[in-house]
Amino acid sequence: MICIGNIKLPDFPLLLAPMEDVSDPPFRHVCKQQGADMLYTEFVSSEGLIRHAVKSMKKLDIFENERPVGVQLFGSDIDSMREAAIVAEKVNPDLIDINYGCPVKKVACRGAGAALLQDIPKMVSMTAEIVKSVSAPVTVKTRLGWDDSTLNVVEAAERLQDIGIKAITIHGRTRKQMYKGDADWTLIGEVKNNPRIHIPVFGNGDVNSPAKAAEMKNRYGIDGIMLGRAAIGYPWIFREIKHYLATGQLLPPPTLNERLDSCRTHLLKSIEWKGEKLGILEMRRHYTSYFKGMENFKETRLKLVTTDSYAEIMAMLENIGVRYAEAV
Ligand SMILES: Cc1cc2nc3c(=O)[nH]c(=O)nc-3n(C[C@H](O)[C@H](O)[C@H](O)COP(=O)(O)O)c2cc1C
């Protein structure tokens with residue numbers, strides 16, 4: 001068993017990564033159905049939260065059946081982050097995660113996200129303030145360092161553990177790399193195997209198959225893996241990895257009916273959560289991934305992403321079931 005404060009997770013948990021515009025409640029629901037052990041919200045702006053901005057507050061929507069679920073916060077100002085953590089705690093998340101990894105300009109160039117990797121003392125003070133202000137466990141998600149010449153995650157992990165974080169997730173890239181090149185897990189392994197570190201260490205970056213998950217587990221000894229892009233349109237990655245780690249066998253890919261079922265559930269949950277108009281609109285970005293690899297799908301996809309009618313979409317999904325049943 002892996003413990004994050006009072007949260008108990010099974011051995012070698014698989015976590016769904018926080019992903020802006022992706023990890024919303026409907027997506028989290030389908031990932032949970034397929035075995036994700038812990039979920040995170042999209043990152044939420046501390047400045048937005050302390051002003052009770054509608055968009056930020058909406059990101060705090062969490063549901064009982066998705067527990068354990070963490071709210072992730074980002075920001076550059078220590079007081080705002082502390083206040084935002086207090087606001088976030090009101091929705092009773094299982095944990096509060098701090099984003100010290102986001103590389104995108106609008107975040108990192110305004111002193112938030114990965115920018116804190118350039119100022120470890122500030123990162124430590126910010127985290128300490130949040131740890132003191134909330135009773136939920138506080139965790140951190142970060143990268144290896146700012147660039148190749150400042151690979152400081154080992155120091156950051158020790159200092160953050162000392163002031164009370166309960167787990168750390170490390171993405172095996174620097175800020176400078178953004179999402180380019182291959183993730184390098186060497187330093188993640190170093191943090192995990194540092195005798196000073198006793199909190200769970202989760203590895204993240206480029207895990208997209210059961211074999212890759214097993215390789216990272218065996219090579220670096222991490223406590224679990226966080227999965228991001230591989231789950232987009234393919235929530236079955238969770239059950240596939242779990243099955244492989246438990247048995248050494250590969251599960252067959254999802255059947256067409258399973259793909260359709262998850263797609264329908266995702267759509268229904270989107271509509272439930274955002275209303276029919278927005279739910280249908282925001283679901284559009286997911287169809288391509290759900291039906292990746294299907295031949296002659298272009299025309300159907302185009303129809304799926306242009307209709308506004310729920311009934312029509314459901315009829316199209318029904319039709320896909322009939323048309324492709326033999327092909328898959
Ligand atoms: C569309 C997208 C949005 C993301 N948003 C966030 C975010 O809100 N917070 C965060 O910590 N990381 C975010 N990330 C980074 C992921 O959590 C993860 O660290 C990264 O994708 C590497 O993992 P992967 O190779 O399994 O995808 C995002 C990544 C993507 C692709």
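Order of listing sets the numbers, starting from 1, for every ligand and every atom in it. These numbers come from a predicted model, not from an experiment. Side chains included, hydrogens not; waters and symmetry mates left out as well; all remaining heavy atoms used.
Side-chain N/O atoms of Y244 and S209 include no donor and acceptor closer than 3.5 Å. A side-chain donor from one of D97 and T139 sits under 3.5 Å from a side-chain acceptor of the other. Checking D24 against W273 by side-chain atom types alone, no donor-acceptor pair falls below 3.5 Å.
Counting only distance, with no hydrogens or angles, the side chain of D223 and the backbone of V201 share a donor-acceptor pair below 3.5 Å.
Looking at K141 against ligand 1, only its side chain comes within 4.0 Å, counting heavy atoms. Both the backbone and the side chain of M19 come within contact range of ligand 1, each with a heavy atom under 4.0 Å.
Looking at N204 next to ligand 1, an N or O pair under 3.5 Å apart turns up. Checking only distances, G228 does come within under 3.5 Å of ligand 1, N or O to N or O. Note: an N/O pair closer than 3.5 Å links P18 and ligand 1 by distance alone.
Residue-ligand proximity, A17 to ligand 1, at heavy-atom distances under 4.0 Å covers atoms 17 (O). Those atoms of ligand 1 with a heavy atom of N99 less than 4.0 angstrom away are 9 (N), 10 (C), 11 (O).
The single protein non-hydrogen atom nearest to atom 9 (N) of ligand 1 is Q72 OE1, 2.8 Å, given as residue, atom name and distance. Scanning the protein heavy atoms around atom 31 (C) of ligand 1, the nearest turns out to be R229 CG, 3.6 Å. Nearest non-hydrogen protein atom to atom 3 (C) of ligand 1 is E20 N, 3.2 Å.
No more than 12 heavy atoms of other residues, nucleotides or ligands shown are found within 6.0 angstrom of NZ on K303. No more than 12 heavy atoms of other residues, nucleotides or ligands sit less than 6.0 Å from atom NZ of K166.
In this structure, H266 and H286 have tilted ring planes: the angle between them lies in the 30° to 60° band.
Residue contact check for ligand 1: G205 places a non-hydrogen atom closer than 4.0 Å to it.
Summarising the contacts of atom 20 (C) of ligand 1 with F74, F43, Y179, the nearest heavy atom is found in Y179.
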- Message: Could you go through R229 and D206, starting from their C-alpha distance and side-chain angles, then the distance that decides it, and tell me whether this counts as salt bridge (Lys or Arg N to Asp or Glu O under 4.0 Å)?
- Response: CA-CA 8 Å; R229 290 164 294 177; D206 297 351; 3.1 Å; yes
